[in-house]
Amino acid sequence: MPDDFTVTPWEVKGKVDYDKLIEQFGTQKLTDDIKQEIARQAGELHVMLRRNVFFSHRDLDLILKEQAEGKGFYAYTGRGPSQAMHIGHLIPFLFTKWLQDKFDLDVYIEITDDEKFLRNQEVDLDQTREWSKENIADIIAVGFSPDKTFIFQDTEYVRNMYPLAVKVAKKITFSEAKATFGLDASSNIGIIFYPALQIVPTMFEKRRCLIPAGIDQDPYWRLQRDMAESLGYFKAAQIHSKFLPPLTGPEGKMSSSVPESAIYLDDDPKTVERKIMKYAFSGGQATVELQRKYGGNPDVDVSFQWLYYYFEEDDQRIMRIEEDYRSGNMLSGELKQILVEKLNDFLEKHRAMREKAMKEINIYKYDGSLASQMWKKVHERGLSYSTIIFLRRVCGSFPPLAISLSSSSFMAMSNSLLANLTWGLSTSSIAATNSGIIRRSCRPFAKTASLFWKS
Ligand code: TYM
């Protein structure tokens with residue numbers, strides 16, 4: 001029988017059966033053992049782990065093992081910018097911030113202004129760049145460390161990622177991309193290349209990367225895991241979340257393009273109240289009498305689900321709300337009112353943080369300690385920009401060589417040096433490679449010199 005739900009990076013339809021999704025995607029269920037190990041290492045369990053909002057993973061056990069062995073790991077997540085972020089989008093960011101605090105992690109956040117532009121015919125690039133700025137402020141407002149977080153926009157940082165992106169792209173055939181992302185002959189060639197750019201940040205450091213994200217992003221990581229080791233990197237680990245349901249019912253996911261399905265981060269208190277009272281799908285009975293007699297169903301009630309996901313963090317209180325609602329002690333209107341208060345409280349704090357964040361965007365993008373290090377890196381086997389500068393300086397003391405050595409020769413020399421460090425190649429093979437490059441690079445200079453002497 002075909003599934004009555006669909007989950008892709010661009011669409012979530014129907015009532016998602018998360019156990020079935022684990023089977024379909026070939027991921028692992030987040031077990032109590034793993035959660036206990038997280039609690040042991042972190043000192044506590046995040047509310048979204050206690051409530052199974054994060055429910056599935058790949059290699060999280062390995063991450064925890066490597067962390068215990070002192071190897072460490074880093075976190076990577078992202079956002080395809082849109083006009084306004086909704087409260088569902090915050091789930092991976094809130095959780096990633098918690099991980100950063102608990103494990104002192106470097107965090108990389110990709111803003112895919114390119115993806116959003118390429119996916120939507122009616123959207124232009126200036127728009128997605130403007131949205132990026134607004135969305136970045138919302139992400140910073142979650143409270144990430146300014147010196148351990150790098151937020152990068154694809155159309156800006158692409159130069160640093162490009163060498164590795166082409167290597168990644170070369171490993172993906174069009175038929176794999178078609179099968180994985182549902183592309184076809186009418187897809188523009190930009191969106192066919194795009195997956196390489198979402199994969200590159202899983203290779204930003206020479207240690208394992210953990211990706212906290214909704215499970216809709218999983219297709220990218222399946223491709224990543226097929227190729228990472230052949231390029232000399234680690235297979236990325238993931239921790240997957242469920243979707244915050246839309247206001248209008250328990251099916252699908254909250255969507256930016258359907259205003260009545262979402263609470264946006266910039267909705268004012270009156271709008272929040274109006275939307276919840278008008279649209280929030282209720283698991284309650286048709287009348288007060290029936291509700292008192294039979295009680296409501298919190299499993300489908302969107303107000304309850306949102307409180308359960310993270311707006312009511314107190315476990316005792318959420319249990320009491322659930323019991324009261326099931327037993328008929330609590331009416332739908334009362335439940336909605338609790339949510340309105342919780343949401344408005346949350347959004348008020350968010351707005352204050354956001355205002356401050358607007359002034360800090362450059363720190364996270366360019367000037368913070370991790371950000372400024374990242375701008376010096378060209379991603380290709382971790383080759384650092386400072387290595388290139390160093391080689392330029394060395395050659396600078398012999399100007400003809402500096403003039404005739406092209407950038408690609410520099411890259412080739414640096415790479416061969418780096419290969420020595422990384423792969424343990426013999427020094428003589430490095431010397432042979434580099435002397436070849438130098439000989440070839442000096443040829444034009446020798447020619448010019450001989451012409452000069454002849455004249
Ligand atoms: P985007 O912008 O569609 O979504 C950003 C993140 O939010 C999650 N998400 C949700 N989580 C819970 N409930 C919802 N209703 C809900 N809606 C969205 C998504 O799963 C995602 O984690 N291509 C990506 C951008 C990206 C990225 C990444 C995402 C680039 N690199 C690495 C995650 C990890 C995108 O358009 O996400």
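Numbering of ligands and ligand atoms starts at 1, following listing order. Bear in mind that the values here come from a model prediction, so they are computed numbers and not experimental data.
- Between the side chain of Lys35 and the main chain of Leu30, no donor-acceptor pair closer than 3.5 Å is present.
- Aromatic pair Phe150/Tyr157: centroids less than 6.0 angstrom apart.
- Relative orientation of the Trp98 and Phe103 rings is perpendicular, given thresholds of 30° and 60° on the angle between their planes.
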Does ligand 1 have any N/O pairs with the protein under 3.5 Å, and how far apart?
| from | atom 1 | to | atom 2 | distance (Å) |
| --- | --- | --- | --- | --- |
| ligand 1 | 2 (O) | Arg79 | NH1 | 2.7 |
| ligand 1 | 2 (O) | Gly80 | N | 2.8 |
| ligand 1 | 2 (O) | Gly80 | O | 3.4 |
| ligand 1 | 11 (N) | Gly88 | O | 3.4 |
| ligand 1 | 13 (N) | Leu244 | N | 2.8 |
| ligand 1 | 15 (N) | Leu244 | O | 3.3 |
| ligand 1 | 20 (O) | Gly214 | N | 3.0 |
| ligand 1 | 20 (O) | Asp216 | OD1 | 2.6 |
| ligand 1 | 22 (O) | Gly214 | N | 3.2 |
| ligand 1 | 23 (N) | Glu115 | OE1 | 2.9 |
| ligand 1 | 23 (N) | Glu115 | OE2 | 3.1 |
| ligand 1 | 23 (N) | Gln198 | OE1 | 2.9 |
| ligand 1 | 23 (N) | Gln217 | OE1 | 3.2 |
| ligand 1 | 31 (N) | Tyr76 | OH | 2.8 |
| ligand 1 | 31 (N) | Glu110 | OE1 | 3.0 |
| ligand 1 | 36 (O) | Gly80 | N | 3.4 |
| ligand 1 | 36 (O) | Glu115 | OE1 | 3.3 |

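- Taking Arg222 as the reference, Asp218 meet the salt bridge (charged side-chain N to carboxylate O under 4.0 Å, His left out) condition, with sequence neighbours excluded.
- The aromatic ring centroids of Phe144 and Tyr364 lie 6.0 Å or more from each other.
- Ring geometry for Tyr108 versus Tyr74: interplanar angle over 60°, hence perpendicular rather than tilted (30 to 60°).
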